[in-house]
Structure formats: C-alpha cells, structure tokens
Amino acid sequence: MRVVAHISDLHFGMEDERIIEGLLEDIAGFHPSVVVISGDLTQRARKKQFEAARAFIRKIPVPCLVVPGNHDIPLYDVVRRALMPLRRYRHYITTDLNPVFQDDELMILGANTSRAATFKNGRISTAQIKILADTFSAAGSHLFKVLVTHHPFLPPLDYPYAALVGRGALAVEALEPCGIDMLLSGHYHRGFMGDLQSHYTAVGRSIIVAQAGTATSKRTRGEKNSYDRIIIGPPDICFDRYAWDGRRFVKAMTTQYKKVNGAWQLHPQNIHETR
Ligand SMILES: [Fe+2]
Ligand SMILES: [Fe+2]
C-alpha cells in the first residue's frame with residue numbers, strides 16, 4: 001500500500017500563508033510515500049514567487065514529483081516567454097521535465113504540458129508520448145502506474161467543454177497498452193474524479209482520473225482550498241479530499257474505487273461527506 005499526497009495550483013504570489021503552513025503540517029503528520037505537485041507553483045513566474053515555491057518544497061520531508069503549469073511561464077514578459085519560458089522553473093524548482101518516482105509498488109511519471117505558444121492551454125508532444133510509453137512499458141506489470149500533467153485529460157463535470165490537454169487522445173492511445181492505471185492533473189481549480197473511458201470512448205481499459213483543486217491559492221473558483229490523499233492498494237484505491245475550513249485541513253470527502261473485472265467501480269460502501 002502506498003499513500004500519495006496530490007497537491008496542485010499553489011500559485012505562490014496569491015497564496016494564503018496560513019494554508020501553506022497547514023499543508024506542511026499535514027504532510028509532515030501523515031508522511032506520504034511521495035508528494036505530487038501538478039503545476040502552477042507560481043502566479044506569474046516571478047523570482048520571488050519561485051523562491052517561495054522552492055522554500056515550500058524544501059520543507060517537505062518526503063520525495064516530491066513536480067511538473068510545471070501554465071502560470072510557471074511568464075505571461076507579460078514576452079521576450080522571456082518566447083525565448084526561455086521555463087528558465088526560472090528549471091533554475092528554482094528542477095531541471096527535470098520528465099520526472100520519475102519509483103519504488104517497488106508504484107511508478108509515477110510527470111510530463112510538462114505547459115507551452116509558451118498556447119498560453120493557458122497545454123499540450124503534450126509526440127516525443128514526450130514516446131518517452132512515457134517506453135518508460136511505462138519497460139516497467140514491471142506489478143507496478144501501479146501513474147501519469148502526472150498540469151493540464152487535464154478529462155473535463156470537470158460542471159464544465160464539459162473545458163479545454164483538455166492537446167494531443168491527449170494520441171497520448172491515451174499510446175499509453176493505454178502500457179498498463180497505465182491513473183492520471184493526475186490540476187489547472188481548473190476543481191477537484192473531481194472519473195474514468196477516462198467516459199470521455200475517450202476508444203479506450204479499452206478503465207483508467208482512473210483524479211483532478212486536484214487548488215491547494216493554497218486565494219483564487220479558488222467556488223471551491224474550498226483542498227488537496228487529496230490517495231491510498232493505493234490494488235485492487236482498492238481511496239481518495240480522501242482534505243479541504244481548508246479556515247483554520248485547518250479537514251477530511252471533506254472520501255471516494256473509494258475497487259477494480260472488478262478490469263474496471264474501476266465505485267465501492268458499494270462509498271462514503272461522500274461534504275462539510
Ligand atoms: Fe492554476
Ligand atoms: Fe493552470
């Protein structure tokens with residue numbers, strides 16, 4: 001069994017300092033196997049914002065897997081945006097744009113979907129798809145395989161026409177045979193879960209999709225700040241969403257799935273509890 005903390009859309013520059021402290025306390029307390037940060041670490045890719053994001057990551061006492069978001073590319077500095085869009089991200093956060101976390105139960109790969117040319121939208125390249133497919137294929141079938149991107153493969157339930165990651169269908173087609181189990185993303189500041197098959201009808205396998213809300217940004221778009229604790233113990237997977245209640249993170253919702261005959265099914269005793 002593994003426990004993953006999935007946090008997204010920190011937006012340093014627009015962060016709530018109390019929530020940052022609460023999040024670090026939580027992570028230190030439940031000590032996940034790995035923390036996944038699915039992009040938008042900063043609000044405007046400024047030096048001070050990246051410094052704050054780096055300081056936050058350095059306080060996390062477990063491995064972190066990080067991918068950039070569209071906000072981690074400068075928006076108004078057109079020269080920097082055109083010529084060196086991820087320079088600050090590489091300098092302050094990591095030079096690794098194809099991050100990997102692996103232990104004896106879990107393989108998590110990250111892919112950068114943020115592009116200077118697409119502004120807030122994102123896409124994945126054919127070269128990235130090949131790297132991901134080769135890496136997932138070479139890994140043992142006993143591993144639970146997870147892909148992390150900032151831009152999502154599935155639209156939020158209340159926003160069905162939301163832009164999805166470009167070349168997503170191509171990526172799904174290539175990655176499905178590699179035994180991928182789960183996709184994690186952020187971007188829309190809305191937390192939700194679903195099955196990839198609900199949107200990509202050609203997909204032959206059940207692949208679970210989990211979107212995190214914004215962990216710490218003051219731009220919450222109608223939802224409380226939140227992050228997910230994901231407990232992975234195939235054939236069971238449990239998502240515990242922790243939402244900020246003004247003083248601390250509290251468990252706001254639990255969603256459990258069980259893989260039955262190759263398909264992720266909501267657990268019969270699924271508990272939904274919203275505060
Ligand atoms: Fe964001
Ligand atoms: Fe974003």
Side-chain angles (χ1 to χ4, degrees), residues 5-17 19-20 23 35-46 48-50 52-54 56-57 64-77 80-81 85-90 92-94 97 99 110-125 128 147-168 171 183-194 209-228 241-244 249:
H6 179 201
I7 66 180
S8 195
D9 295 81
L10 298 158
H11 287 277
F12 277 94
M14 284 288 286
E15 81 279 21
D16 183 321
E17 193 55 43
I19 303 179
I20 294 288
L23 187 55
V35 172
V36 166
I37 304 178
S38 55
D40 279 358
L41 284 81
T42 67
Q43 180 62 17
R44 285 287 167 239
R46 299 205 167 108
K48 279 197 179 327
Q49 296 169 2
F50 272 123
R54 179 173 65 183
F56 169 81
I57 291 169
C64 284
L65 183 141
V66 188
V67 296
N70 52 298
H71 278 260
D72 300 319
I73 292 175
L75 181 62
Y76 302 118
D77 184 341
R80 188 174 287 277
R81 179 177 183 81
L86 284 171
R87 187 172 181 178
R88 285 180 180 156
Y89 177 86
R90 288 170 183 268
Y92 288 101
I93 306 300
T94 176
L97 297 179
N112 165 37
T113 54
S114 299
R115 302 287 188 271
T118 56
F119 292 89
K120 70 177 181 179
N121 294 330
R123 67 176 176 234
I124 193 162
S125 70
Q128 287 175 300
L147 172 62
V148 180
T149 56
H150 177 63
H151 295 87
F153 285 79
L154 209 61
L157 294 173
D158 62 342
Y159 191 15
Y161 300 109
L164 302 176
V165 62
R167 298 197 190 93
L183 304 173
L184 300 178
S185 309
H187 186 55
Y188 283 117
H189 297 202
R190 287 174 169 89
F192 64 95
M193 271 144 256
V209 176
Q211 304 280 140
T214 171
T216 56
S217 172
K218 291 173 184 167
R219 289 173 64 210
T220 53
R221 297 182 191 157
E223 280 192 10
K224 289 181 179 177
N225 292 101
S226 68
Y227 73 94
D228 291 339
R241 174 147 302 147
Y242 281 76
W244 184 253
F249 282 102

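Remember, it's 1-based here, ligands and their atoms both numbered in the order they're listed. The figures that follow rest on heavy atoms only: side chains count, while hydrogens, waters and symmetry mates do not.
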Note, Lys218 side chain near Gln43 side chain (heavy atom, < 4.5 Å)
no
Could you grab the distance from atom CZ of Arg87 to atom CZ of Phe50, nearest 0.5 Å is fine?
13.0 Å
Within less than 2.8 Å of the Fe ion (ligand 2), any N, O or S from Tyr188?
no
Given atoms NE2 of His150 and ND1 of His187, what angle do they subtend at the Fe ion (ligand 2), to the nearest 10 degrees?
90°
Between Leu23 and the options Leu10, Asn225, Val35, the side chain to side chain contact (heavy atoms under 4.5 Å, CB included) test singles out Leu10
Can you tell me the angle formed at the Fe ion (ligand 1) by NE2 of His11 and NE2 of His189, to 10°?
90°
Say whether Ser217 and His11, considering side chains only, have a donor N or O and an acceptor N or O under 3.5 Å apart.
no
State the atom name: nearest N, O or S atom of Asp40 to the Fe ion (ligand 1).
OD2
Test log, rule side chain to side chain donor-acceptor pair (under 3.5 Å), inputs Asp72 and Thr42
CA-CA 6 Å; Asp72 300 319; Thr42 67; 2.9 Å; yes
Of all the N, O or S atoms in Asp9, the one nearest to the Fe ion (ligand 1) is OD2
